[in-house]
Amino acid sequence: MIQGLYKRLEAWLERRILEVFKPSGALDIAFERPKEGFGDLATPVAFQLARLLRMPPIEIAERLEAQAADLPEGFSALRAAPPGYLNAEFDPEFLKNALVEVLEHPELFGMFDDGSGKRAQVEFVSANPTGPLTVGHGRQAVLGSSIANLLEALGYEVTQEYYYNDAGRQMRVLGESIRARYLEILGEPASFPEDGYQGDYIREIARQIFEHFADGLKAEATHEPFQKYGERVIFEDIQRTLQRLGIRFDVYFSEHTLYEDGSIERVLERMSALGLLYEKDGALWFKAQEFGQPKDRVFRKASGEYTYRLPDIAYHVQKLGRGFDLIVDVLGADHHLSSQDVITAIKVLGQDVSRIRVVLHQFVTLVKGGERVKVSTRKATYVTLDELIDMVGKDACRFFFLLRKADTHLDFDIDLARKQGEENPVYYVQYAHARICSVFEVAKNRGVAMPNPSIEALQTLNEAELPLLKAVFWLEHTLREAARELEPHRVVYALMDIAGLFHSFYSHNRILESPEEIRNARLLLVQGLGVALRRGLSLLNVTAPEKM
RNA sequence: GCGCCCAUAGCUCAGUUGGAUAGAGCGUUGGACUACGAAUCCAAAGGUCAGAGGUUCGAAUCCUCUUGGGCGCACCA
């Protein structure tokens, strides 16, 4: 709705600018949300023209303002402001009409058509089943699933996918670790692998195996049955944890299948045919340096095993082959370099890498009692994602992970997330929604009839309420921007903004205890806010409670 | 040593792709419930946007350097 408005003004400006100034060179008209008192929408286009035309920006802006007699529908004013802004105001009648549309079709709020008819794939988490998910995985899980939701809102048909390695060295180490613990239980001599997994969950799995099979696997010389058992148990645990965050994958893609269907061999052959590989020290290397990468990379070890990079490349080739218009890789910052290797390789293979977008996220630090909790590695000391959810709950967990843009380190304050109070931003937003529901509850109990949405019923909306109405459409605009930029944190900030506006309005204005006309208009407005809040929260997969 | 990410209020962070007087939340201080939910609201204080140069009408934003942090730089994933 509102983005239609933006486009309309953009087209109008472009036409006027061409008529009046006849500039040479492309126009790129940007819009921003101006400061208080400068209207609803601002464009700095006159600044850009100033360079081209060698005229003071304010003069350009004023000459465009002079054209404002026939503004497109939806706008009521266009003004030049020093040092050269053009500020536009929305036509209140138009906004009221837009609200009526939202109330008549709430299911269409925040739905766009940028991606309609297109297919997107979002790959995230992709943790190997060697242990419980960490809070780092949690950030990625929440980020990835929110991005998937946003892309769906853009109209894409989205596949959420989890890629896991069930073939490599790490899984072997897992099996060996479990086997060693199992033999320990039996009192047999066992050598625990040097780089084995030391968490208590390994002992727990060994104990389960002992309960099922007693000493039946004592003579088992290989790690394989232990690996299989462990993989299954750990994977179930991972899925259970993800489910607690409301995440369900459409596809779990096993690396193993890339070996089975020959994808890996094919990639190897093609790269070899293109002369991109060479042998050294018994290993097979990719000439990554020739393509701007810092180092050449081993694809096949001297042992004959492939390194993870080769299957990764095969996987991406496979994904591109599935015909997705957009492929999003959500990765931790530690995968940055290997991701670049993969992209480099598939580009060299002649694939269209413009369809791939990589979202890197920085790490998470847990903070408790004002102190940082170590989140590290294989030792038994870290806090698992499951334990974090135990402590703060699903909603706070998701909301806090989205509170920062992916690029910045995230300090997750456990104490703050647990607080059921004013300091906690999750409750701030949820409370706004619960309050709105509460108004309708009270209205119902008092026998106040809900008015039908109509432009007449909204006539009394004025300076007190119009900012709220604009915020509804600003949220919608933000949803689209967040989706296009793959930045869910923008939604969080827009939600906090709209919740703040509502709380302030609520404590300064009566809704039910107003004259009927004002009451009805406010009820409809607040209903619209409810639609907006629900939509925003649901895209983040955070619940919008009716009572708290 | 090299590459990537980052440095904004006491703390944690936004900042709409280079624009108006740099904004929130928390914390601090002081106010507001005889009310549709005080899990809220109102107000105040708080800044050399790490530092130094550069690019231009204009820089938190782009370029270079310096300082300080995170992550990488495996024949692990």
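Chain naming here is simple, since letters A, B, ... match the order of the sequence lines and numbering starts at 1 in each.
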Worksheet item: Is A:A432 touching bases, backbone alone, or none of the nucleic acid, heavy atoms closer than 4.0 Å?
Response: nothing
Worksheet item: What nucleic acid atoms does A:R309 come within less than 4.0 Å of, heavy atoms only: base, sugar-phosphate, or nothing?
Response: nothing
Fill in: Heavy-atom check, side chain of A:V364 versus side chain of A:T134, under 4.5 Å
no
Discussion item. By the 4.0 Å heavy-atom rule, please label A:F299 as base, sugar-phosphate, or nothing.
Written reply: nothing
Item to complete: For nucleotides B:G47 and B:U17, find the distance between their P atoms and express it as a whole number of Å.
Response: 28 Å
Discussion item. Does A:H489 reach a base, just sugar-phosphate, or nothing at all? Heavy atoms under 4.0 Å.
Written reply: sugar-phosphate
Item to complete: With C1' as the reference atom in both, quote the distance from B:C41 to B:C36 in angstrom, rounded to an integer.
Response: 15 Å
Worksheet item: Over how many whole Å does the gap from A:M171 atom CE to B:A77 atom C1' extend?
Response: 11 Å
Worksheet item: If you look at every strand shown and take non-hydrogen atoms under 4.0 Å, does A:A283 touch a base, only sugar-phosphate, or nothing?
Response: base
Practice prompt. Rounded to the nearest 0.5 Å, what's the gap from CG on A:L403 to CZ on A:F412? Could you check?
Written response: 9.0 Å
Discussion item. Give me the distance, rounded to whole Å, that separates B:A22 from B:U61 when you measure between the C1' atoms they each carry.
Written reply: 12 Å
Practice prompt. Check every atom of B:A39, B:C36, B:A77 against the side chain of A:R510 and return the nucleotide holding the closest atom.
Written response: B:C36
Practice prompt. Quickly work out the A:F505 CZ to B:C36 C1' distance and round it to whole Å.
Written response: 12 Å
Item to complete: Let me know, please, whether A:V298 or A:M496 comes out on the 5' side of the other along RNA chain B by nearest nucleotide.
Response: A:M496
Discussion item. A side-chain contact here means heavy atoms from C-beta on lying under 4.5 Å apart; do A:R300 and A:L268 qualify?
Written reply: yes
Worksheet entry | A:E513 CD to B:U34 P, straight-line distance once rounded to whole Å | 14 Å
Fill in: Spacing of A:D395 atom CG relative to B:A39 atom P, expressed in whole Å
19 Å
Discussion item. Strictly below 4.0 Å: does A:S504 bring a side-chain N or O up to OP1 or OP2 of B:C42?
Written reply: yes
Discussion item. I want to check something: taking the side chain as every heavy atom from C-beta on, are A:L13 and A:L86 in contact at a cut-off of under 4.5 Å?
Written reply: yes
Worksheet entry | side chain to side chain contact (heavy atoms under 4.5 Å, CB included) between A:I356 and A:H316, worked out | CA-CA 9 Å; A:I356 302 175; A:H316 277 81; 4.1 Å; yes
Worksheet item: Has the side chain of A:Q170 got a donor or acceptor that lies under 3.5 Å from a partner of the other kind on the base of B:C76?
Response: yes
Worksheet item: Under 4.0 angstrom, heavy atoms only, what part of the nucleic acid is A:N509 near: base, sugar-phosphate, or nothing?
Response: base
Discussion item. Is there a side-chain contact between A:K301 and the phosphate of B:C76, meaning an N or O under 4.0 Å from OP1 or OP2?
Written reply: yes
Fill in: 4.5 Å side-chain heavy-atom contact, A:R398 and A:S146
yes
Practice prompt. Please tell me if the side chains of A:E255 and A:Y308 come closer than 4.5 Å, counting only heavy atoms from C-beta onward.
Written response: no
Response to the item:
Separation of B:G25 atom C1' from A:D497 atom CG, nearest Å, is 12 Å
Fill in: Worked check of salt bridge (Lys or Arg N to Asp or Glu O under 4.0 Å) between A:E513 and A:R446
CA-CA 11 Å; A:E513 291 155 23; A:R446 292 186 187 175; 3.7 Å; yes
Item to complete: With heavy atoms under 4.0 Å as the rule, sort A:D281 into base, sugar-phosphate or nothing.
Response: base
Worksheet item: Using a 3.5 Å cut-off on both pairing distances, which stems of three or more Watson-Crick or G-U pairs include RNA chain B?
Response: B:1-5 with B:69-73, B:10-13 with B:23-26, B:28-32 with B:40-44, B:50-54 with B:62-66
Practice prompt. Identify whether any heavy atom of A:L337 sits under 4.0 Å from a base atom; if not, whether one sits that close to sugar-phosphate; answer base, sugar-phosphate or nothing.
Written response: sugar-phosphate
Response to the item:
chi for B:C33 classified (syn = within 90 degrees of 0, anti otherwise) as syn
Discussion item. Taking donor-acceptor contacts at under 3.5 Å, does the side chain of A:Y431 reach the base of B:A39?
Written reply: no
Discussion item. Could you tell me how far B:G27 sits from B:A20 if I compare only their P atoms? Round to whole Å.
Written reply: 30 Å
Worksheet item: Counting only non-hydrogen atoms, which of residues 396-410 of chain A are less than 4.0 Å from RNA chain B?
Response: A:R404, A:K405, A:D407, A:T408, A:H409
Discussion item. Side-chain N or O of A:K295 versus OP1/OP2 of B:C2: is the shortest distance under 4.0 Å?
Written reply: no
Practice prompt. Specify the glycosidic conformation (syn or anti) of B:U17, with syn defined as within 90° of 0.
Written response: syn
Discussion item. Between B:C2 and B:A9, how many Å separate the two C1' atoms, rounded to a whole number?
Written reply: 36 Å
Practice prompt. State whether the side chain of A:D296 and the backbone N or O of A:A288 hold a donor-acceptor pair below 3.5 Å, judged by distance alone.
Written response: yes
Practice prompt. Supply the atom-to-atom distance A:Q362 CD to A:H336 NE2, rounded to the nearest 0.5 angstrom.
Written response: 9.5 Å
Discussion item. It should be established whether A:R446 places a side-chain nitrogen or oxygen under 4.0 Å from OP1 or OP2 of nucleotide B:C36.
Written reply: yes
Fill in: Distance in angstrom units between A:D411 CG and B:G25 C1', rounded
15 Å
Fill in: Same-atom distance (C1') from B:G25 to B:C65, integer angstrom
35 Å
Discussion item. I'd like to check A:F440 versus A:L523 (side-chain heavy atoms, cut-off strictly below 4.5 Å). Are they in contact?
Written reply: yes
Item to complete: Determine the interatomic distance between C1' on B:U28 and the same-named atom on B:C11; round to the nearest Å.
Response: 12 Å
Worksheet item: Expressed in angstrom and rounded to an integer, what is the separation of A:E441 atom CD from B:G37 atom P?
Response: 9 Å
Worksheet item: What's the verdict on ring pair (Phe, Tyr, Trp, His ring centres under 6.0 Å) for A:Y252 and A:Y163, showing C-alpha distance, side-chain angles and the deciding distance?
Response: CA-CA 6 Å; A:Y252 289 87; A:Y163 170 78; over 10 Å; no
Worksheet item: Contact class for A:A443 vs. all strands (heavy atom < 4.0 Å): base, sugar-phosphate, or nothing?
Response: nothing
Practice prompt. Report which part of the nucleic acid A:F440 touches: base, sugar-phosphate, or nothing (heavy-atom distance under 4.0 Å, all strands).
Written response: nothing
Discussion item. Does A:S438 reach a base, just sugar-phosphate, or nothing at all? Heavy atoms under 4.0 Å.
Written reply: base
Worksheet item: With a 3.5 Å cut-off and just heavy-atom distances, do the side chain of A:N87 and the base of B:A20 make a donor-acceptor pair?
Response: yes
Worksheet item: Using a cut-off of 4.0 Å on non-hydrogen atoms, how would the nucleic acid contact of A:E485 be classed: base, sugar-phosphate, or nothing?
Response: base
Worksheet item: If only side-chain N and O atoms of A:Y197 are considered, is one of them under 4.0 Å from the OP1 or OP2 phosphate oxygen of B:C76?
Response: no
Fill in: A:L133 and A:L242: CA distance, side-chain angles, deciding distance, side chain to side chain contact (heavy atoms under 4.5 Å, CB included) verdict
CA-CA 9 Å; A:L133 293 179; A:L242 290 170; 3.8 Å; yes
Worksheet item: Which part of the nucleic acid, if any, lies within contact of A:P56, taking any heavy atom under 4.0 Å across all strands shown: a base, the sugar-phosphate backbone alone, or nothing?
Response: nothing
Worksheet item: For A:V448 and A:V442, what are the C-alpha separation, side-chain angles and deciding distance, and is it a side chain to side chain contact (heavy atoms under 4.5 Å, CB included)?
Response: CA-CA 9 Å; A:V448 174; A:V442 172; over 6 Å; no
Worksheet item: Which value, in whole Å, describes the distance between the C1' atoms of nucleotides B:U67 and B:C73?
Response: 23 Å
Worksheet item: Atom NE2 of A:H503 to atom P of B:C41: distance rounded to whole Å?
Response: 6 Å
Discussion item. At 4.0 Å (heavy atoms only), tell me whether A:Y493 reaches a base, stays on the sugar-phosphate, or touches nothing.
Written reply: sugar-phosphate
